[in-house]
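Right, one structure below, let's go through it.
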Amino acid sequence: MSKGLGAVCVLLGCLLPVCQRLQLERSHIAQLGALAQALDGMRRQMTICAPPMEELLAQAGRSPEETVGRFFAALRLEELEQRPFSALWDSAIRSSGLSLSRDERETLSQVGQVLGSCGAEEQCGRLADAAEALRRCQTRRREALGGEGRLWYTLAASAGLLAVLILF
């Protein structure tokens with residue numbers, strides 16, 4: 001009985017880190033989708049009624065994805081007199097807890113370089129381009145997760161079974 005319980009604990013001990021890592025990747029995929037959706041919403045609002053930047057960012061920050069909401073909330077527009085908007089945008093990217101790759105971070109950073117500093121058409125274009133790039137990243141990660149997830153589960157289960165055979 002105790003050997004069986006020990007074997008189950010060893011097997012679960014091997015599988016748990018894999019489950020946690022795959023959950024983080026699923027969260028990252030959801031975050032990319034929420035960012036793309038927020039950028040699309042900003043573009044639509046700019047096209048329809050061109051609201052003030054504070055209102056535009058507040059609407060984008062109402063994302064159901066918590067980290068995306070924190071990103072928009074981290075933008076300190078009251079510091080605009082001391083720092084350019086692009087610096088505030090980059091600071092918010094770093095401080096909000098977004099789990100982005102270097103390319104994804106660069107894509108989002110490019111949006112901050114044009115927001116409020118050029119014409120509405122160029123801003124809308126950059127928002128659309130960034131949203132599309134983030135969606136492509138999301139799709140690529142989702143496809144990779146399927147194959148990698150099965151591989152990691154198989155490797156973890158095999159390692160757990162091998163450990164059980166060696167220990168018991």
Side-chain angles (χ1 to χ4, degrees), residues 14-47 51 53-156 159:
C14 289
L15 287 171
L16 185 62
V18 171
C19 293
Q20 290 172 333
R21 174 65 179 106
L22 293 176
Q23 182 58 36
L24 282 174
E25 187 62 21
R26 285 185 196 99
S27 172
H28 184 93
I29 290 168
Q31 190 179 94
L32 288 172
L35 271 171
Q37 186 176 3
L39 295 179
D40 274 339
M42 289 174 69
R43 181 189 51 78
R44 279 191 304 276
Q45 287 297 317
M46 288 180 79
T47 303
M53 187 61 72
E54 296 86 5
E55 186 179 322
L56 187 66
L57 296 172
Q59 288 175 358
R62 292 189 188 109
S63 172
E65 216 294 320
E66 181 181 325
T67 312
V68 174
R70 270 198 316 260
F71 164 67
F72 287 104
L75 286 164
R76 304 282 181 230
L77 295 182
E78 63 273 3
E79 296 178 15
L80 269 175
E81 293 179 7
Q82 296 93 9
R83 298 171 60 195
F85 182 81
S86 60
L88 296 175
W89 185 267
D90 287 340
S91 176
I93 292 172
R94 286 188 304 276
S95 67
S96 64
L98 292 171
S99 59
L100 301 174
S101 69
R102 187 174 39 100
D103 291 339
E104 295 160 355
R105 194 174 299 271
E106 180 62 31
T107 297
L108 193 56
S109 180
Q110 290 173 1
V111 172
Q113 294 171 6
V114 298
L115 280 182
S117 65
C118 56
E121 189 173 312
E122 187 176 344
Q123 291 179 65
C124 288
R126 184 62 58 97
L127 285 166
D129 292 345
E132 183 57 35
L134 292 174
R135 278 196 190 85
R136 282 193 305 271
C137 291
Q138 180 188 31
T139 300
R140 192 172 47 250
R141 284 181 171 273
R142 187 179 292 129
E143 289 169 355
L145 180 64
E148 287 178 12
R150 287 187 296 277
L151 174 66
W152 284 107
Y153 278 128
T154 302
L155 289 174

Point to revise | Heavy-atom pair with the smallest gap, counting every atom of Val68 and Ala34 | key: CG2-CB, 3.7 Å

Check your understanding: What residues, two or more places apart in sequence or in another chain, satisfy salt bridge (charged side-chain N to carboxylate O under 4.0 Å, His left out) together with Arg142?
Key -> none

Check your understanding: Is there side-chain contact between Leu127 and Leu115, with heavy atoms separated by less than 4.5 Å?
Key -> yes

Exercise for review: Would you mind listing every side chain to side chain donor-acceptor pair (under 3.5 Å) that reaches into residues 86-99, with sequence neighbours excluded?
Suggested key: His28-Ser99, Gln31-Ser99, Asp90-Ser109

Side-chain donor-acceptor distances from residues 35-47 under 3.5 Å, at least two apart:
{"from": "Asp40", "atom 1": "OD2", "to": "Arg135", "atom 2": "NH1", "distance (Å)": "2.9"}
{"from": "Asp40", "atom 1": "OD2", "to": "Arg135", "atom 2": "NH2", "distance (Å)": "2.3"}
{"from": "Thr47", "atom 1": "OG1", "to": "Arg43", "atom 2": "O", "distance (Å)": "2.8"}

Check your understanding: Excluding sequence neighbours, so at least two apart, what forms side-chain contact (heavy atoms from CB on, under 4.5 Å) with Ala73?
Key ->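 Ala73 satisfies side-chain contact (heavy atoms from CB on, under 4.5 Å) with no other residue.
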
Looking at [atom1] of [X] and [atom2] of [Y], how far apart are the two atoms once the value is rounded to the nearest 0.5 Å?
{"X": "Leu88", "Y": "Ile93", "atom1": "CG", "atom2": "CD1", "answer": "11.5 Å"}
{"X": "Thr107", "Y": "Arg102", "atom1": "OG1", "atom2": "CZ", "answer": "11.0 Å"}
{"X": "Asp129", "Y": "Cys124", "atom1": "CG", "atom2": "SG", "answer": "11.0 Å"}

Exercise for review: Return each pair, listed once, that meets salt bridge (charged side-chain N to carboxylate O under 4.0 Å, His left out) where at least one residue sits in residues 103-116; pairs must be two or more places apart or across chains.
Suggested key: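 Sorted result for residues 103-116: Glu104-Arg141.
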
Exercise for review: Scan for salt bridge (charged side-chain N to carboxylate O under 4.0 Å, His left out) pairs involving residues 107-128, sequence neighbours excluded, and state none if there are none.
Suggested key: none

**Study point:** Partner residues of Gln113 under the side chain to side chain donor-acceptor pair (under 3.5 Å) criterion, sequence neighbours left out
**Key:**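 Counting only residues at least two positions away or on another chain, Gln113 forms no side chain to side chain donor-acceptor pair (under 3.5 Å).
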
